[in-house]
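Every value quoted in this text rests on a predicted model; they were computed, and no experiment measured them. Note: hydrogens, waters and symmetry copies are ignored here, and every other heavy atom, side chains too, is used. Per chain, numbering begins at 1; letters A, B, ... match sequence-line order.
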Amino acid sequence: MMFVSKLHIFNTKTRMFISKQMLTKRTVSLISIPFSRIPFCTNASSSSVMEDSKQIVDTLISIFPKRPQNEEQNQQLKDLGLMITANIVENALKGFKNWKIAQEFFYWASKQNNYVHNCYTYNAMAYMLVHARQNDALRNLAIEVVNSRCFMSPGALGFFVRCLGSQGLVNEANFLFDEVKRLNLCTPNVYSYNCLLEAISKSGDVCLIESRLNEMMGFNWVLDKYALTPLLYCYCQAGEFVKAIDVFNRMDDSGWVDSYIFSILVVSFSKRGEVDKAYELIEKMENQKSYGCLTEKTCCVLIHGFVKEGRVDRALQLLDKMHRLGYNADISIYDVLIDELCSIKQFEKALLLFWEMIELGIQPDMKILTKLVSCVPEDDDIIPLLKSWKGDLTNKNRTLLFNSVLKGLIGRSSIDKAYELLRAALADGFQDDNERTKIIGNGKIVVPDTTSFETIISGLCQANKLDLALDLFRDMDHIGCKRSVLLYNNIIDCLSHSDRVSYCYTLLNEMKNSGFQPTEFTHNSIFGYLCRHEDVEGAMNMLRAMRTQGHKPWIKYYTLLVRKLCKHRRAIEACNFISAMAHEGFLPDIVAHTIALDGLFMIGEPEKALKLFRDLCSSGYCPDVVAYNVIIKGLCKEKRLLESHDLLNEMLNKGLVPSVVTYNLLIDGWCKYGDIDKATKCLSKMFEEKREPNVISYSTLIDGFCDSGRPVEALNLWVEMKEKGCLPNRIAYMALINGLCKCRKLDEAILYLGEMEMKDMIPDPFIYVAIIDTSLSHSDPVLALNVLKKMVQTKTFPDPNDKNHGILKYSVMVLYKDPRTSSDVKNLIDKGGLPTHFCASAEGNATDIVHQVI
DNA sequence: TTAGGGTTAG
């Protein structure tokens with residue numbers, strides 16, 4: 001046995017200055033070589049040594065895992081321990097199938113006399129740990145290699161660093177790199193650095209990459225493509241596309257862009273939703289004749305990515321390009337494209353792709369076929385699709401096709417046909433001569449399954465044919481077809497919407513007894529019914545049942561209940577419901593609370609509202625702008641303007657930004673309070689705070705000015721509003737016209753009514769009433785009559801409960817009595833243009849009616 | 001199979 005030196009001696013002065021040319025020509029492609037093929041060791045010895053070593057390696061691999069079972073083997077292992085070299089250990093390590101055994105061997109070897117590990121044995125061990133994903137052990141090994149003070153070649157360092165990087169142990173890679181440098185165990189070269197950069201890029205840490213690159217440039221090294229690729233990758237990961245494109249262009253100028261580098265950028269564009277940018281890049285490379293850059297694999301990745309971003313247009317263009325490049329698109333590409341085209345209802349394109357597949361010899365699978373059958377809009381397309389199936393027509397496939405035909409019929413609103421088809425299949429398994437059923441049946445019987453029932457029952461429920469659905473549901477038992485949770489849910493939901501709630505409870509019990517666990521949907525279907533019907537007690541009982549199952553009540557339902565209660569002036573009950581929910585562990589959110597606050601103000605309980613609001617704040621809730629708005633609105637209504645402003649300040653202190661609504665409420669508050677100047681100040685404040693006033697702000701203030709008898713200012717504001725680009729709407733016009741009437745500015749009111757009608761805006765009846773009333777007080781019955789005729793023409797009259805109803809009645813009577821208008825009013829009455837209740841009073845006693853009105 | 005709901009002007 002030859003004695004082989006156990007220590008490799010390295011040249012520690014390997015640091016050198018490498019020119020760009022040297023790098024580009026000599027650097028081996030780091031990226032394109034699979035990790036596993038990078039050699040650990042280039043040590044070559046004489047052939048006889050290799051022979052001997054090989055024998056030792058083989059023996060170790062064979063006996064070590066078994067562990068010496070007898071004295072003889074034990075002795076053999078001891079003897080081998082005397083003979084091992086780093087080379088032998090390295091090769092033995094590579095031979096073990098189990099990482100644990102390899103690790104035991106590694107530590108056994110290190111205890112043998114005269115044996116010391118070298119960098120290659122460490123690397124072999126690291127490699128085993130990488131493949132076994134033993135990150136803790138790998139981390140420890142990195143520390144051990146430093147502690148062992150073993151020298152490392154720059155290449156070996158690079159290898160270990162890549163091992164760490166591949167497992168995402170970026171900090172460890174940096175630690176190892178810096179420690180071996182500090183302890184003079186290795187002088188890293190460009191390759192070692194590039195490995196480190198690649199490892200860092202796994203973490204996407206742009207700063208770290210940049211600082212390492214600066215380090216490299218400090219040695220006057222020229223950065224090559226393997227240094228820039230990790231940088232490009234990191235910029236892409238960080239979404240720093242400007243920088244990424246810059247790096248890419250630099251690489252492109254040097255002719256370094258290969259398919260991998262190209263795919264980093266282009267796939268990253270796609271992932272960030274920059275589909276057009278990705279496509280432009282593809283075209284740019286194509287124009288540069290860099291054909292090799294766009295590989296088949298990249299195309300596939302991009303098509304999937306484009307579709308995911310909802311850009312099926314670009315995906316189809318790329319598919320076209322693939323064809324031109326002679327690449328094959330696999331079935332998954334067609335699957336994803338057809339699926340997407342169907343979901344955006346571009347069925348013709350989907351069908352074209354389908355037939356293209358067949359032409360290219362790619363056999364569509366059942367998933368693609370059933371998708372198309374179930375959603376193409378034309379009946380005529382179905383038969384050719386069904387006939388195209390060349391695969392096995394097993395019972396299962398037959399049922400799948402049958403179900404897709406049912407789905408298709410329902411999608412085309414032919415629920416009756418679909419229902420009959422299922423009934424026919426249940427009756428005789430298709431003995432009729434319908435062409436479609438013959439194809440599916442192919443002379444054999446189609447056996448409907450649970451999905452068939454789910455499809456039809458869901459269709460029947462949607463079409464409001466609940467009883468038919470229930471019959472079918474009951475029939476499932478007779479043919480021995482298993483029900484499903486989906487079916488129960490669908491029917492329960494449909495029953496709840498048809499107000500047949502007692503049957504819902506029956507089915508709920510039935511499903512539990514049949515071993516189906518109700519889902520959140522099941523419970524919420526019934527909970528929804530109870531909320532719609534303001535059944536607080538029932539809703540609470542359901543909540544308790546839900547709590548035991550860990551189900552959550554849907555927000556939309558419990559807010560609906562709160563809203564309905566408040567609308568019916570049952571705000572106190574709404575508050576009690578909210579508390580009871582909280583007591584059950586379902587704390588309603590700020591929206592439900594806001595509705596309740598509004599409800600309390602509505603029933604004239606401002607103190608209760610304020611208490612609830614303060615309780616919310618102190619219990620850690622953070623009321624938002626809308627909640628504050630509701631309180632401000634309530635306080636304004638109560639004429640507590642100063643408190644409203646206190647709340648505005650409170651909002652600001654909390655960092656909440658008051659909305660346009662907030663200011664509008666305060667403007668309205670001050671207007672109604674009679675302090676129009678304060679209201680104007682609020683408008684100014686909006687400009688200061690860069691909260692652009694809207695048409696509501698202006699209308700409110702215009703109304704306020706008119707109420708204060710200041711029509712000129714109202715009209716000025718009207719002009720200002722239009723100058724600011726804020727267009728008046730129907731309500732704004734009505735506010736102005738009504739306001740002008742209140743100020744007795746009849747001519748202006750008529751002017752704006754004309755303007756409004758020119759814009760095809762139809763005013764509410766009260767506007768006509770206001771003008772009629774004002775005209776009469778201006779002693780202009782003819783004008784009033786004309787407006788009354790307009791009302792008759794447009795058939796808009798105030799509701800009998802509306803106060804304007806009485807005013808109009810009185811006006812009609814006045815016009816009836818006035819000789820200037822009397823005959824016209826009679827005429828209107830005779831022709832039936834005026835509702836009878838106006839006619840009856842026209843001849844009545846004026847005083848009586850005045851009493852009625854007032 | 002299921003969703004986000006609440007506040008402003010005549």
Side-chain angles (χ1 to χ4, degrees), chain A residues 454-455 457-458 461-462 484-494 519-525 527-528 531 551-564 566-567 574 588-599 601-602 623-637 647 651 658-669 671-672 679 682-683 686 691 693-704 706-707 714 717 721 726 728-742 752 756 761 763-770 802 804:
Chain A
E454 283 171 353
T455 307
I457 287 176
S458 148
C461 283
Q462 274 169 17
S484 66
V485 173
L486 183 77
L487 273 166
Y488 273 105
N489 282 356
N490 219 330
I491 294 209
I492 289 177
D493 194 47
C494 199
T519 65
E520 196 164 290
F521 185 94
T522 330
H523 283 134
N524 270 295
S525 291
F527 181 64
C531 290
H551 295 159
K552 285 190 188 130
W554 290 346
I555 296 172
K556 64 169 181 176
Y557 287 143
Y558 70 71
T559 46
L560 177 72
L561 175 55
V562 173
R563 197 165 59 241
K564 283 201 143 195
C566 287
K567 193 179 160 195
D589 67 358
I590 190 66
V591 175
H593 280 103
T594 305
I595 301 168
L597 288 171
D598 201 30
F601 277 114
M602 196 169 79
D624 59 6
V625 175
V626 179
Y628 269 97
N629 286 348
V630 165
I631 301 292
I632 287 174
K633 181 182 78 162
L635 288 172
C636 284
K637 205 179 108 189
L647 277 161
M651 280 174 82
S659 65
V660 177
V661 177
T662 319
Y663 289 108
N664 289 352
L665 288 167
L666 288 167
I667 289 173
D668 195 45
C671 284
K672 299 283 180 340
C682 285
L683 189 78
M686 290 179 86
R691 283 262 155 223
N694 60 15
V695 66
I696 299 177
S697 328
Y698 286 109
S699 316
T700 311
L701 205 45
I702 285 167
D703 183 57
C706 291
D707 270 339
L717 200 58
M721 169 178 80
C726 181
N729 59 13
R730 207 175 72 93
I731 297 177
Y733 268 106
M734 292 194 291
L736 179 67
I737 295 166
N738 192 40
L740 288 167
C741 286
K742 280 186 278 192
Y752 286 103
M756 190 181 174
M761 292 178 189
D764 285 347
F766 84 95
I767 290 294
Y768 292 125
V769 175
D802 187 337
N804 288 290

- What is the distance from CD of A:Q462 to C1' of B:dT1, rounded to the nearest Å? 10 Å

- Task: Examine distances only and state if a side-chain atom of A:N664 and a backbone atom of A:P693 form a donor-acceptor pair shorter than 3.5 Å.
- Result: no

- Just checking A:D589: base, sugar-phosphate only, or nothing, at a heavy-atom cut-off of under 4.0 Å? base

- Query: Nearest to the side chain of A:W554 - B:dT1, B:dT7, B:dT2?
  - Reply: B:dT2

- Query: A:F527 CZ to B:dT1 P: how many Å, rounded?
  - Reply: 23 Å

- Message: So A:T700, base contact, sugar-phosphate only, or nothing? Heavy-atom distance under 4.0 Å.
- Response: sugar-phosphate

- Message: Ignoring hydrogens and geometry beyond distance, is a side-chain donor-acceptor pair present between A:T519 and A:T522 at under 3.5 Å?
- Response: yes

- Query: Expressed in angstrom and rounded to an integer, what is the separation of A:L701 atom CG from B:dT8 atom P?
  - Reply: 18 Å

- Message: The side chain of A:L665 is closest to which nucleotide in this list: B:dT8, B:dA9, B:dT1?
- Response: B:dT8

- Item | Between B:dA3 (C1') and A:Y557 (OH): distance, integer Å | 10 Å

- Starting at atom CG of A:N490, determine the distance to atom C1' of B:dT2, rounded to an integer number of angstrom. 12 Å

- Taking atom P of B:dT8 as reference, at what distance in whole Å does atom CE of A:M734 sit? 16 Å

- Message: Applying a 4.0 Å non-hydrogen cut-off, can you work out what A:R563 is touching in the nucleic acid: base, sugar-phosphate, or nothing?
- Response: sugar-phosphate

- Note on the structure: Ranking B:dA9, B:dT1, B:dG6 by distance to the side chain of A:L486, first place goes to B:dT1

- Compare every heavy atom of A:M734 with every heavy atom of A:I767, then report the nearest pair and how far apart it is. CD1-O, 3.3 Å

- Query: Which part of the nucleic acid, if any, lies within reach of A:K672 when heavy atoms closer than 4.0 Å are counted: base, sugar-phosphate only, or nothing?
  - Reply: sugar-phosphate

- Mind checking whether A:Y733 and A:Y752 have parallel, tilted or perpendicular rings, split at 30° and 60°? tilted

- If you check every side-chain atom of A:V630, which of B:dT2, B:dA9, B:dT7 has the closest atom? B:dT7

- Write down the distance between CG (A:N629) and C1' (B:dT7), rounded to a whole number of angstrom. 5 Å

- Item | Candidates B:dG6, B:dT1, B:dA9 - which lies nearest the side chain of A:V695 | B:dA9

- Task: Considering only NZ, NE, NH1 and NH2 on the basic side and carboxylate oxygens on the acidic side, decide whether A:D598 and A:K633 come within less than 4.0 Å.
- Result: yes

- Under 4.0 Å between a side-chain N or O of A:K633 and OP1 or OP2 of B:dT7? no

- Picking from B:dT8, B:dA9, B:dG6, which would you name as closest to the side chain of A:N729? B:dA9

- Between atom NE2 in A:H551 and atom C1' in B:dT1, what is the gap in whole Å? 14 Å

- Message: Should the side chain of A:N489 and the base of B:dT1 be counted as holding a donor-acceptor pair, with the cut-off at 3.5 Å?
- Response: yes

- Message: Within the 4.0 Å heavy-atom criterion, would you say A:A592 contacts the bases, only the backbone, or no part of the nucleic acid?
- Response: nothing

- Task: Scan side-chain atoms only and decide if A:N694 and A:S697 contain a donor-acceptor pair under the 3.5 Å cut-off.
- Result: yes

- Using a 4.0 Å heavy-atom cut-off across all strands, classify A:Y663 as base, sugar-phosphate, or nothing. nothing

- Query: Hey, is the side chain of A:N694 pairing donor to acceptor with the base of B:dA9 inside 3.5 Å?
  - Reply: no

- Note on the structure: Ranking B:dG6, B:dT8, B:dT1 by distance to the side chain of A:D624, first place goes to B:dG6

